[in-house]
Amino acid sequence: MAKDSRHIQDGLFARKVVPVLIPMPAERAYSYALPEGQEAVPGQIVQVPLGPRLVPGIVWDGDTDQVDPKKLREIAQVFDCPPVAAPMRRFIDWVSGYTLTPPGLVARMALRAPAAFDPEPMIDALRLTDARPERMTAARERVLEQAGDGLAWTRTGLAHAAGVSASVIDGLSAQGVFEPVRLTPPPVVAAPDPDYQPARLEPGQAQAAEALRATVAEKAFSVTLLDGVTGSGKTEVYFEAIAETVRAGRQVLILLPEIALTAAFLDRFHARFGARPAEWHSELAPRMREKVWRQAAENRVSVVAGARSALFLPFADLGLIIVDEEHDPAYKQEDRVFYNARDMAVVRARLADIPTVLASATPSIESRVNAEQGRYRHLKLDSRYAEAVLPDIKLVDLRRHAPARGGFLSPVLLKAMAETLERKEQALLFLNRRGYAPLTLCRVCGHRFECPDCSSWLVEHRFRGQLQCHHCGHAEPTPQACPACGTLDHLAACGPGIERIAEEADRHFPDARVIVLSSDMMGGTRRLRIELEAIAKGEADIVIGTQLVAKGHNFPLMTLVGVVDADLGLSNGDPRAAERTYQLLSQVTGRAGRAGHKSLGLIQTFQPQHPVMQAFASGEAETFYARETDERRRAHLPPFGRLASVIVSAATRVEAETHARGLRAAAPPGQGLMVLGPAEAPLALIRGRHRFRLLIHGERGRDMQGFVREMLAKGPKPRGSLQVQVDIDPQSFL
DNA sequence: AGCACGCCGACT
DNA sequence: GTCGGCGTGCTC
């Protein structure tokens with residue numbers, strides 16, 4: 001009996017009491033009694049009564065709370081499931097402490113496959129015996145031939161393979177020709193073969209791959225930043241680290257931003273390893289979800305490619321984590337538990353004592369600084385290989401080359417488009433703004449359409465005939481008359497969205513086939529896939545898209561990329577604005593580049609002298625990053641300072657404002673506190689709730705968690721409506 | 001997070 | 001007179 005478990009007297013029997021973490025925002029694990037004769041080790045998944053219902057939970061470590069014996073209830077079931085491994089339990093504790101989130105809510109993310117706690121049901125199958133039927137028929141003949149391979153067959157599978165009806169099989173079974181056997185269900189994916197089809201690597205790649213192989217062979221914690229321009233073959237390089245880990249019989253997690261988790265990536269993996277990796281993302285069918293979860297826990301699946309939530313899968317023997325596109329903001333979760341999966345991957349690796357690789361063509365400043373200061377190893381791939389050629393980049397100064405009145409495409413860009421279309425090649429127009437126009441106003445009285453819930457401008461979506469709020473999801477039909485002065489048909493659309501750019505492109509090139517791609521496209525991911533295939537087959541001439549086109553998809557026939565408004569996003573108050581813009585421009589221009597063709601990137605801007613534009617046009621990434629790093633250093637922003645973002649949310653705006661004021665008052669002066677209003681709240685804004693975001697920054701080495709805790713304690717105490725995101729690279733905590 | 005309990009407005 | 005809104009409190 002474990003030393004730390006307590007016993008309580010209950011009638012005649014002493015019952016063993018264990019702490020159980022349940023998927024609920026309680027500060028500590030609850031205590032439950034083990035049924036007589038039952039054993040449960042830490043990590044075991046159990047079912048416990050909670051109020052009127054049964055919930056899953058994880059038997060936790062350490063002592064149990066002193067709890068009223070009358071309240072104590074019994075564990076209802078100990079699942080026949082591998083216990084959550086100790087490093088994973090420490091990870092849950094760590095994330096809970098770091099994000100100031102109750103541990104139960106973090107554990108909840110690890111328990112998101114309820115049906116997986118029971119073993120997968122065995123499959124009923126049939127195997128041929130020595131017995132033979134009394135009478136032979138043609139159908140029976142075929143069945144015997146088919147099943148003669150000595151393998152077990154399922155009843156329907158065999159009937160299908162032999163081209164007979166299932167009743168033929170039943171007849172044979174009745175005569176003892178088959179015996180029933182039970183099989184373990186097959187793995188969700190075939191085992192990857194590390195030696196299936198190794199890529200031919202260029203010298204630079206081979207060197208980096210060798211370094212990663214050596215890192216994996218250390219079987220110890222390390223972080224490697226794998227940094228190389230688009231087309232330099234990062235994926236092939238980290239595939240070799242995966243191969244090495246698979247050879248050692250350990251599991252691999254590949255994290256990808258959800259949008260980059262495409263069939264194209266899985267196919268690439270398949271080509272290298274002869275099998276696909278298991279997938280993990282929000283759209284996975286429940287049945288598959290459960291299989292992947294269970295098989296990860298049983299070490300029956302060796303490579304999982306997943307979105308950020310895959311970090312909370314209960315791997316039995318994780319040996320390597322890859323974080324692809326490590327700079328991608330999609331790694332941030334700003335909902336319930338606030339975390340950055342890239343940083344938490346580093347922590348997970350530290351706690352499991354395994355290597356991790358952060359890969360990107362445009363690494364985040366945090367990761368670059370960590371690499372420069374020696375906390376991360378740094379592998380750089382400089383050259384492009386094969387025929388992949390990046391486009392020539394040219395800035396288009398919009399002050400000198402102004403678009404025609406009411407238009408947004410400069411004569412320079414229009415000319416380049418005409419030439420591209422003339423050559424029967426494709427052009428991509430990029431504008432990071434959905435809808436038709438970001439602002440609608442009344443030409444008579446000047447009324448602006450604002451969101452009634454969060455006071456940001458309503459974006460016109462002309463195709464849907466709606467005005468939408470991009471912050472909280474509020475939508476209303478576009479009216480004919482101004483709601484303020486009642487004048488009919490005098491509403492003016494101000495500024496461009498992609499729908500409006502499509503209209504303009506159509507006007508200039510009426511014969512061109514135009515495709516518009518954005519996340520709010522009708523038809524969802526399926527439609528998106530179809531459109532992407534059509535584009536790859538050359539069934540479109542002009543593609544117009546939001547940042548959706550910057551990620552994960554390649555356009556092999558594209559030879560022109562036009563950035564409609566490169567300044568968008570440079571002045572939104574985000575301390576990462578310049579970095580984000582640089583990354584986005586790199587990603588989107590990197591999409592183009594037809595083998596053997598000259599391609600061109602035209603960046604429309606009003607600020608050609610801006611460091612981002614200058615660095616981008618001259619291709620001097622290093623200069624840009626050095627400058628940005630310096631800016632951050634002076635501004636005491638991450639990674640040199642620490643940033644905590646406290647989200648205040650409440651059902652009513654008044655309540656949220658009160659709490660935000662209280663928090664601001666509680667913060668000591670000189671802490672560098674920024675308060676951003678509801679318009680700057682995250683896009684994940686819950687419909688109908690109001691959120692404020694407070695940004696606090698402090699110096700490196702300061703206990704920000706402690707500071708925020710203190711501040712929260714001094715401020716008002718709203719119930720369940722404060723969420724804290726501490727936005728610091730976790731390295732200093734390791 | 002769920003769920004029950006409990007107190008004030010418009011209706012079969 | 002009830003049905004039902006969501007504010008408050010509790011779950012080992």
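Remember, predicted model here, so these are calculated numbers, not experimental data. Computation of the quantities below employed the complete heavy-atom set of this structure, encompassing side-chain atoms and omitting hydrogens, waters and symmetry-equivalent molecules. Just so it is clear: chains get the letters A, B, ... in the order the sequence lines come, proteins before strands, and each one is counted from 1.
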Asker: Taking CZ from A/Arg108 and P from B/dG2, how many angstroms apart are they, rounded to a whole number?
Answerer: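 Value for this atom pair: 6 Å.
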Asker: Considering only side-chain heavy atoms of A/Tyr30, which listed nucleotide, B/dA1, B/dC3, C/dT11, is closest?
Answerer: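 The answer is C/dT11.
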Asker: Would you mind reading off the distance between A/Leu72 atom CG and C/dC12 atom P, rounded to a whole angstrom?
Answerer: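 It is 10 Å, rounded to the nearest whole Å.
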Asker: For the pair made of CG in A/Leu50 and P in C/dT11, what is the distance, rounded to whole Å?
Answerer: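 The distance from CG of A/Leu50 to P of C/dT11 comes to 9 Å, rounded to the nearest Å.
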Asker: Quick one: A/Ile22 CD1 to C/dT11 C1', roughly how many Å, whole number?
Answerer: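 It works out to 7 Å between those atoms.
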Asker: Return the value, rounded to whole Å, for the distance between atom CD of A/Glu27 and atom P of C/dT11.
Answerer: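 So the CD-P distance, A/Glu27 to C/dT11, works out to 16 Å.
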Asker: Looking at A/Glu290 and A/Arg294, does any basic side-chain N land under 4.0 Å from a carboxylate oxygen?
Answerer: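 Not counted as a salt bridge, because no side-chain N and carboxylate O are separated by less than 4.0 Å.
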Asker: Take atom CZ of A/Arg112 and atom C1' of B/dA1, then tell me their distance rounded to the nearest Å.
Answerer: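 The distance from CZ of A/Arg112 to C1' of B/dA1 comes to 11 Å, rounded to the nearest Å.
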Asker: Under 4.0 Å, heavy atoms only, any strand: does A/Pro23 hit a base, just the sugar-phosphate, or nothing?
Answerer: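 Nothing, no heavy atom under 4.0 Å.
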Asker: Can you tell me how far P of C/dT11 sits from CZ of A/Arg28, to the nearest Å?
Answerer: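 Computing the A/Arg28:CZ to C/dT11:P distance gives 16 Å.
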Asker: Between A/His461 and A/Gln468, does any side-chain donor sit less than 3.5 Å from a side-chain acceptor?
Answerer: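 A donor-acceptor contact under 3.5 Å links the two side chains.
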Asker: Find the distance A/Gln66:CD to C/dC12:P and express it as a whole number of Å.
Answerer: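 Interatomic distance, CD of A/Gln66 to P of C/dC12: 17 Å.
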Asker: Return the nearest nucleotide to the side chain of A/Ser31; candidates are B/dC3, C/dT11, C/dC12.
Answerer: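 Per side-chain heavy atoms of A/Ser31, the pick is C/dC12.
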Asker: With sequence neighbours excluded, give me every side-chain hydrogen bond (donor to acceptor under 3.5 Å, both in side chains) pair touching residues 304-317 of chain A.
Answerer: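 Applying side-chain hydrogen bond (donor to acceptor under 3.5 Å, both in side chains) to every pair that reaches into residues 304-317 of chain A, excluding sequence neighbours, yields A/Arg250-A/Asp317, A/Trp280-A/Ser309.
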Asker: Do A/Arg348 and A/Phe91 form a cation-pi contact, if we require the NZ or CZ to be under 6.0 Å from the six-membered ring centre and within 45 degrees of the ring's axis?
Answerer: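 Yes, cation above the ring, under 6.0 Å and within 45°.
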